[in-house]
Amino acid sequence: MHFEKKDFLGRLIHKVPIFRSLKVYIFVLMLIIGIVPSIIMRIGILQNYEERAVTLRVSDVTTQYKIIANHLLNYNYLQDTSSDVINAELEQMSNLYDGRVLIINANFRVVKDTYAISEGKTMISEEVIKCFKGESTSRHDKKNGYIEMTIPIAEQVTVDGEETSKVKGVILASASTDSIVTTLEILSRKALILEIVMAIIIVGIVFFFSHILIRPFNRVTQAISEVKDGYTDEPISVPDYIETEHIVDAFNQLLARMKVLNDSRQEFVANVSHELKTPMTSVKVLADSLNGQPDVPVELYREFMQDITEEIERENKIINDLLSLVKLDKTEAKMDISTVDINGLLETTLKRLRPIARKRDVEVVFESIRPVTAEVDEVKISQIFTNLVENAIKYNKEHGWVKVLLDADHQFFTVEISDSGIGIGEADYEHIFERFYRVDKSHSREIGGTGLGLSITRNAVLLHRGSIKVSSVEGEGTCFTVKIPLTYIKAGGMRDDRS
Ligand code: ADP
């Protein structure tokens, strides 16, 4: 239930653009910070005022009635209520405080009521009883707008030489709080007007600032748009905030990376065009020279046609290699993982390549430390072995050898392909995996290389989350070491659980 609610709220926030605006958040936050304290202050001060005014009124009225209580005793009013002086005084008091006064004697009988309603009646209430014990009480009835108080009519008597007060009667008086309420209303109205004026000013200031604060982010968007629309490809800079600086830095890095990618793409296209053009040029030259001669002997025709076929085959090989490379460049969704017998796969690969080795008089030896099975893409792993062994044969010497060594631990299997060939200079180590890179272009071309083999190999190794290393001594030989995990690890580091 709770999640559903949260989900609903999340969707609502996502759908209504205003809820996703930083400007709106800043606006609302500043508004709350600006206005809420003044509302709290208004309510607090007014409430405080009311309490204070009521307390003052109570103490004021109590003091007055305490004086009257003395008069009551002096005039023996509790026994005889005919005193005009006291009656006038009581009338005056009740008029002054817009209330009612009841005088209650020790028998709880009302001897005087300024409203003349309850005279002669008995009045027993909690407050009256309390008051007979010598305690003054007061109660504020907010709803009806009055304060009710009890004041003891106490006489000082001396009992056993000690002076104590004896409560003879009680004054039960009420006073209206209308004047307090009126003042409160006036104050409240004024405070509200002040608050509205303040709120208008605050809204203006907040609107202005929320706009100003958000401006650097708009500048970031504008700068990125300019790059996107092609007005500039220079790195952008919005140093106003650390946050904008971070966004811009990340964008500049992305821009630089895209430039590199674009450059390498352009270089790749240029290389591809060049590589594809070379065999075509040869074919054209061969065909032109045949066409240019009127009586060409059949043998020459055959020889030239043979050359043309070879060039077409080369063109075909380049195209096939390019297709493999493009396929490998794509995501690993294309990985077709299965459990493969690596020993068997290496043996088949070597069997296929032995005729080429024999032609070049190169001996191929396979040595396996232990039987290995691994979760790999069989086609791609086979391509890795073929390319490396083929290179070891191609770049070998007369009567040379190629040695393939297979080993494994509990995590990886390793294939070492070493040869007694021409070797690679250390400076070329990092370049040989680049597309179309060849140490000796003419030699590579001569033996049918495209410069794409090692690039394909490395991509296939990386798709298996493996590694490839090369070590070589020029003139003596080369050793490539490929290390591949026995269990396929998917992107994000998760192991494939298929058995
Ligand atoms: P190619 O199709 O030219 O063989 P590769 O990408 O397979 O292209 O290899 C790139 C270059 O690395 C080759 O042109 C060659 O100069 C060098 N190379 C690769 N393997 C070996 C090796 N075993 N011994 C010496 N040089 C090698």
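Indexing begins at 1, ligand by ligand and atom by atom, following the structure's order.
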- side chain to side chain contact (heavy atoms under 4.5 Å, CB included) with N343: which residues, sequence neighbours excluded? D341, S368, P371, V372, L406
- Message: If you count heavy atoms of other groups shown closer than 6.0 angstrom to CD of Q293, is the number above 12?
- Response: yes
- Is it the case that more than 12 heavy atoms not belonging to F207 sit under 6.0 Å from its CZ atom? no
- Note on the structure: of all protein heavy atoms, closest to atom 11 (C) of ligand 1 is Y437 O, 3.7 Å
- Message: Quick one about R265 and N262 (side-chain donor to acceptor, distance below 3.5 Å, no hydrogens or angles considered), yes or no?
- Response: yes
- Task: Mark the output for N387 as yes if a heavy-atom distance to ligand 1 is under 4.0 Å, and as no if none is.
- Result: no
- Query: Quick one: nearest non-hydrogen protein atom to atom 24 (N) of ligand 1, plus distance?
  - Reply: T478 OG1, 3.4 Å
- Within-shell test, G451 vs ligand 1, heavy atom, strictly < 4.0 Å: yes
- Note on the structure: Sorted by chain and number, sequence neighbours left out, ring-ring contact (aromatic ring centres under 6.0 Å, His included) with F366 holds for none
- Would you call R438 and E275 a salt bridge, using N to O less than 4.0 angstrom? yes
- atom 15 (C) of ligand 1: nearest protein contact (heavy atom, Å): Y395 CZ, 3.5 Å
- Query: How does F433 reach ligand 1, by side chain, by backbone, by both or by neither, if only non-hydrogen atoms under 4.0 Å count?
  - Reply: neither
- For atom 23 (N) of ligand 1, state which one of I432, I393, D419, L454 supplies the nearest heavy atom. D419
- Message: Taking a cutoff of less than 4.0 Å between a non-hydrogen atom of the residue and any ligand atom, is K394 in contact with ligand 1?
- Response: yes
